[in-house]
Amino acid sequence: MRYKSIVASLALLATSLTAGAQTPDTLQDAGVRQRVLPLVTTKIRLVTRTYGDSIVLRWSAEDYVSWKYLANWGVNVLRVSRGSHGRQVDTLAYALKPLTLEQFQAKYPPSDSVALVPQGVLYGDAKNVKHERPGTMGRTLEDNSDQDMAFGFAMVVAEWRKDLAEDMAVRFTDRNVQPGMTYEYIVQPTRWENDGRLIFEPGIVENVENNPYDPEPFRPTVIDSLTASHSVKLGWWDSRHSSYEIERRLVSRLEKTLDNRLEPYDLTTEGLDDQMTQWQRVISKPYVSMVEQPEGADYRLFVDSVSTLGVYEYRIMGYDAFADLSLPSEPRRVVVYDIDAPTPPQLKYIVVERPDDKDPMAKVIAHIVWEKSEIEDDLVGYCLYYGSGRSTGGEWQLMNQEMIPPQDTIYHADVTGLSTGMIYLKAYDDSGNESNSFPQQMRLTDYKAPAAPNSIKVQIVMPPADTTMTAKKEWAYAIITWQQAPEDDDIDYYDVAFANDSTHNFVIRNQGGIREQMFIDSLALDVNQKYIFYKVRAVDYSTNIGPWSPMLRVTRPHITPPTQPHLDKSSHTDQDGMHMEWVVGMDVDMTHHVLYRRLGERGDWQPIGRYDADSLVYHDYRIVVDDMPPYDREQRYYYHLESFNASPFTSKSLAVSWLHAGPKIWPVDIELAGDYINNEKETRLVWNVGKLPFDAPYYFCIYRKTAADSKFSFVISQPAEKTEYTDRLLRKGEKAEYYVMIQWRDGRQSTTSNTVTISRKE
């Protein structure tokens, strides 16, 4: 409950003010406290506040049981002061207890409902309804909850009323103090429990310097909203106070205007007296937020009702543990306006009229009738909205150009060209509030048939190309597409009809209505019929059937493979490449031919040429090809031709191959330089290489010839990335010639570099 959080807040405040206090329970026996502290089960939370002329002590136990113990036996209030004669200990109160029930009743009248709270908590015999059996865990939890509630109520009352806090023995005022002096206070039990169940740690506050109290303003974060007409909800977060005073004042009044429904108010101060614009307490007693909020225990909620629409300011003050009221918070401005929507209208029926007898689609009028249970004084009028997936794309469209007067109950709407859809009526008041009727269907019959589809096309899809003659699939697909006139936006479905001859009766091909502008038909390939004919028509949502489209003639595919092509002539040179002359079949339905090439026995076939069958009629059905592939000295090039017709099968020629080696020696600019290094006793060669004629793996070869040699001899090979060589075999007085060349791994070689002559003189 809220009271747990109230007590917890007080305890936290006391802890923060007494942190680090280490004073003995009694100044006469410091050893007692040293023995007791490790066994402490409960504490007295003590806080103090100085006023210059007095110091107020405020304390609380930690729970209901501890509080009842202190109320039964009382507490001692001690003050320690330091002067010229050292430390002085004064007992300000001994065995301070709450007033008895008789004393409470004598001091406070029965009409003081707040004073009845501590009387009931301390001395009452509450007969709360219990749901659990005595002795059970559930009953124990119920009793604990009731005790926590009673304890919380008592502590809240102590924060409202200073007199009740003193009468409950949780507050003491020390008036025998000097301004500017520093004191220390101790509150301890008068009687120490000796059976070990309750071991108190007394409340201690040190270094209390008696200065005048300077209250701080309350600074909560306030939010507001309007929950109903003339009702304001304020919310704020606070953990230091348990009760509040709330004030408001009227800043300006709202005056309605009908110039613009989006801004229905003007601000005015006319008619406001001084009493309305002064700060006023909203409630007669301090406010306590009694309901737990989902935002957390520190969230406070207050709802206020006002009689006049206008701009209000609210400010909040909080009671603390000393029953002192904080300074007001910053004013929170709230605009209170009318948020009550008018009662919604109810659509009764719709009557559709077609004035033109000759053309029922020329003019269409819908008479919409409604009723409204209450015509409010601030009702401005109505707006009619229409929505259709076909006519408005699913969006609601306003049908009236001007506001329909509030006293009207019928509206005549021009719905020419619209399709069946939903309508609803919206009522507005002069504050911009609105309410909607339930949507109702407006059925508009269409008497105009759609136009015939156009742009009819077909695409034939054959069975998979790898189908063999031993497992023929005697079918194919015809994908038929078409378009519809844009003005026909109410098409429900299409019909597709077919016939094997243009003179035959057409038969509907589809089993149900076709929603898309496409139809896929399966074609039998084993039918002895060259053509198949199709036509399409549209049907709208009003069941109007449009005319058939023009016939579409489709050539029926077959399953006979094309004539196999073959190579008639061929030749090859490394300089001119491959020359091939292919002869292809003269089939009537031949479509095209594709020439493929691959490198090596296991390479992938790559298409290198496509030849339409129609273009070969004037070339005696011959395909002449000259191909110059990249040189390759290690693998052969293979070629074959594949022919295609209207069937799902193709025919391939036999493959032919050549070894396209190319020249063995390729010119490469290699610049060689070298010298003999005396200090190192070695010959060092370096070279630069120009642009290579092709990209292939290679390495360098170094050759040498001395006076004893009749020709150059191979010395060593170097990897492609290494362009230098060191020779340590040259003897004194000997002379040698060197050159370098490139050797490709496929057997090709480069021209040699320049020759350099190097002598060793020493």
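Formation of a donor-acceptor pair under 3.5 Å by the Asn72 side chain with backbone atoms of Lys68 is found in this model. Between the Trp396 side chain and the Ile423 main chain, no donor and acceptor come within less than 3.5 Å of each other. Between the side chain of Lys43 and the main chain of Arg45, no donor-acceptor pair closer than 3.5 Å is present. Of the possible donor and acceptor atoms, none in the side chain of Tyr382 sits under 3.5 Å from a partner among the backbone N and O of Tyr411.
With sequence neighbours left out, the side-chain hydrogen bond (donor to acceptor under 3.5 Å, both in side chains) criterion links Tyr385 to Tyr428. Under the side-chain hydrogen bond (donor to acceptor under 3.5 Å, both in side chains) criterion, Glu313 pairs with Arg249, Arg333, not counting sequence neighbours. Qualifying side-chain hydrogen bond (donor to acceptor under 3.5 Å, both in side chains) partners for Thr182, counting only residues two or more places apart in sequence or in other chains: none. Take Ser113 and apply the side-chain hydrogen bond (donor to acceptor under 3.5 Å, both in side chains) test, not counting sequence neighbours, and it matches Lys285. Arg315 is linked by a side-chain contact (heavy atoms from CB on, under 4.5 Å) to Glu247, Trp279, Pro328, Ser329, counting only residues two or more places apart in sequence or in another chain.
Checking Thr48, Val80, Val205 one by one against Glu184, the side chain to side chain contact (heavy atoms under 4.5 Å, CB included) holds for a single residue, Val80.
Checked against the 6.0 Å centroid threshold, Phe200 and Tyr69 count as a close aromatic pair.
The closest side-chain donor-acceptor pair between Asp174 and Tyr185 falls under 3.5 angstrom. With no hydrogens or angles considered, no side-chain donor-acceptor pair links Asp148 and Ser145 at under 3.5 Å. A donor atom on one side chain and an acceptor atom on the other are found under 3.5 Å apart for Glu245 and Tyr319. Between the side chains of Thr221 and Trp237, not a single donor N or O lies within less than 3.5 Å of an accepting N or O. For the residue pair Thr343/Glu376, the side-chain donor-acceptor check at 3.5 Å is satisfied.
Considering all non-hydrogen atoms of both residues, Ala158 and Met168 come closest at CB-CE, 3.8 Å. Looking at every heavy atom in both residues, Thr173 comes nearest to Ser54 through CG2-CB, 4.0 Å. Shortest non-hydrogen contact noted between Tyr314 and Asp304 is OH-OD2, 2.6 Å. When all heavy atoms are compared, the tightest approach of Val336 to His230 is CG1-CA, 4.0 Å.
With respect to Asp320 and Arg49, a salt bridge is recorded, a charged nitrogen being found less than 4.0 Å from a carboxylate O. A salt bridge between Asp112 and Lys107 is absent, with no side-chain N of the basic residue lying under 4.0 Å from a carboxylate O of the acidic one.
In this structure, Tyr337 and Leu226 have side chains that are in contact, with non-hydrogen atoms separated by less than 4.5 Å. Between Arg79 and Val89, the closest side-chain pair of non-hydrogen atoms is not below 4.5 Å.
The aromatic rings of Tyr244 and Trp236 lie perpendicular to each other, with more than 60° between the two planes, well past the 30° mark.
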Under 3.5 Å donor-acceptor pairs involving side-chain atoms of residues 402-409, not counting sequence neighbours:
none

